[in-house]
2 protein chains.
Amino acid sequence: MNSGPGTLDRRQRRRQETIAEVVDVAAEIMAEQGVVGLSVGEVARRMGIRPPSLYVYFPSKHALYDALFARGAQEVLDHVRSDDVDLTEGQTLDEVLLHVAETFVGWSIEHPAFTALLFWRPVPGFAPSAEAYAPAVALIELTRARFADLRDRGLVRADAELDDVQRDWTVLLSGVISQQLSNAPGESLAEGRFTSALPTLVAMFARHYGAATPMSTRLSLPSKENRRVRTR
Amino acid sequence: MNSGPGTLDRRQRRRQETIAEVVDVAAEIMAEQGVVGLSVGEVARRMGIRPPSLYVYFPSKHALYDALFARGAQEVLDHVRSDDVDLTEGQTLDEVLLHVAETFVGWSIEHPAFTALLFWRPVPGFAPSAEAYAPAVALIELTRARFADLRDRGLVRADAELDDVQRDWTVLLSGVISQQLSNAPGESLAEGRFTSALPTLVAMFARHYGAATPMSTRLSLPSKENRRVRTR
DNA sequence: GTCTATATGACGATAGAC
DNA sequence: GTCTATCGTCATATAGAC
């Protein structure tokens, strides 16, 4: 009785809502206690249920981490995607890249626990499943497509290897994020000791890989006002 | 009876040896299981004693992490110090910095667990004591002194702020290490997907902060042979 | 001083009643 | 689906033998 498709749909929907709530609460705990500080018991406690009940939705703690990985990767992908790279206003490579860098670094600084889970892998024995990793792959491809576009438009030099460009770009960003989060976790994007290095570092990068147009190859050291962090 | 200074010294020495052995075994476990995978019980098991006996030497697991932090910081400091920065042969800034970078990155790649403990802080609630952190401070000061020296010798431009130079330098190195360890942990310094970016990145850095002498300001993109990783 | 023996409470996880 | 009961393991702590 009561096993028609409508009922199944409602049950499935309810189940998905519960799963989403579990991930919400888990993310909250992770943000407070760190990635490894997450505990199944604490999730149950905050949801007002008993720990074994969680195993109906997640077969193990690693499965919960997997869902958190998927959530984080999807969120950072959406965040980066939501930011249109607008080249119509004749911006320099430097300006475009600084904007992109701050979008990504900004999200990471504001979500240190997700960043640690996604990029530092601190949980022994845990590796994300292919499904959970998929948005991360999409982010890599988006970045690559943007650099390809910048090269097509003549802002990145034509003889630059896209693999190298992307590799060096991710090294730069992960360096800033890594230093900022481990040495001065509380600081904002605008005032961070290491995030404030972005303008200089992006300038170095743009000078190296940028096409030799007059605007993008100024040889002066960045002065104080050039180091200002863009707010939008 | 038998409580003279000689006896005390022997006991103290024995105690220090035991403490050193505990740290050895703990470091071994950390290298196998990751920083958070370390357990006091496993240390005791491998030493052939019972867990409570360890508390004679370390009052808590955090204290053991503190000793591990001190050990790692001291080792990386010694490793970097052992490498004389030799400027007598008229090397370019690029060459000097690449050598220094590879020394540091090389140690980090070969000691991923120590690197995680020292630079990523994955243990919830653990922060190193001032004593344990002291060698890390010494390393920072050593790096700064070397850049000061390079500036005095005219290899780094005179108008460069040492704080900025050092900040950008640590961002570069931590970016390479972070990417290499989290995305391709097994690879060597010479063959790593990200460690092989060092020559290019160091060239970018040297071009930015180097004094404008002919040798250090070549404007060509690094070719394949320039990307080779030095073996010594 | 150093050890063994033992206890506590939290954790991840499972079995089975309802 | 949720519960109670339970298991094994963990970090931690204390008591007491030698």
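In what follows, every chain begins at residue 1, and chains take the letters A, B, ... in the order their sequences are listed.
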Expressed in angstrom and rounded to an integer, what is the separation of Arg50(B) atom CZ from dA7(C) atom C1'? 16 Å
Would you mind reporting whether Arg45(A) and Pro51(A) have side-chain heavy atoms less than 4.5 Å apart? no
Got Phe194(A) and Ser178(A) here, is their nearest side-chain heavy-atom distance under 4.5 Å? no
Identify whether any heavy atom of Pro52(B) sits under 4.0 Å from a base atom; if not, whether one sits that close to sugar-phosphate; answer base, sugar-phosphate or nothing. base
Testing the 3.5 Å rule here: is there a donor-acceptor pair between the side chains of Tyr209(B) and Asp164(B)? no
Between dC11(C) atom P and Leu54(A) atom CG, what is the distance in whole Å? 13 Å
I need the CD1-P distance between Ile29(A) and dC11(C), as an integer number of Å. 10 Å
Taking 4.0 Å as the cut-off, does a side-chain nitrogen or oxygen of Ser60(B) come that near to OP1 or OP2 on dT12(D)? no
Could you check whether Arg14(A) gets within reach of a base, just the sugar-phosphate, or nothing at all, counting any heavy atom under 4.0 Å? nothing
Can you tell me if Arg50(B) has over 12 outside heavy atoms packed within less than 6.0 Å of its CZ? no
Phosphate-side-chain proximity, Tyr65(B) and dA11(D), N/O vs OP1/OP2 below 4.0 Å: no
Taken to the nearest whole Å, CZ/Phe58(B) to P/dT2(C) is 13 Å
Identify, between His62(A) and Gly48(B), the residue whose nearest nucleotide on DNA chain C lies closer to the 5' end. Gly48(B)
Once you round it to whole Å, what is the distance between C1' of dT2(D) and CZ of Arg11(A)? 14 Å
Touch class at under 4.0 angstrom, heavy-atom based, for Val40(A) against every strand present: sugar-phosphate
Select base, sugar-phosphate, or nothing to describe what Leu64(B) touches, counting heavy atoms under 4.0 Å on all strands. nothing
Which listed nucleotide (dT12(D), dA13(C), dT2(C)) is nearest to the side chain of Lys61(A)? dA13(C)
Qualifying residue for side-chain contact (heavy atoms from CB on, under 4.5 Å) with Leu38(B), from Val123(B), Leu64(B), Leu117(B): Leu64(B)
Arg45(B) CZ - dA11(D) C1' separation (whole Å): 13 Å
Reckon Tyr55(B) has a side-chain N or O less than 4.0 Å from the OP1 or OP2 of dG1(C)? no
Over how many whole Å does the gap from Tyr57(A) atom OH to dT14(C) atom P extend? 17 Å
Rounded to whole Å, how long is the line connecting atom CD1 of Ile49(B) with atom P of dT4(C)? 7 Å
Quick one: is dA10(C) close enough that its OP1 or OP2 comes under 4.0 Å of any side-chain N or O from Ser39(A)? no
OP1, OP2 of dC3(D) versus side-chain N and O of Ser53(A): anything below 4.0 Å? yes
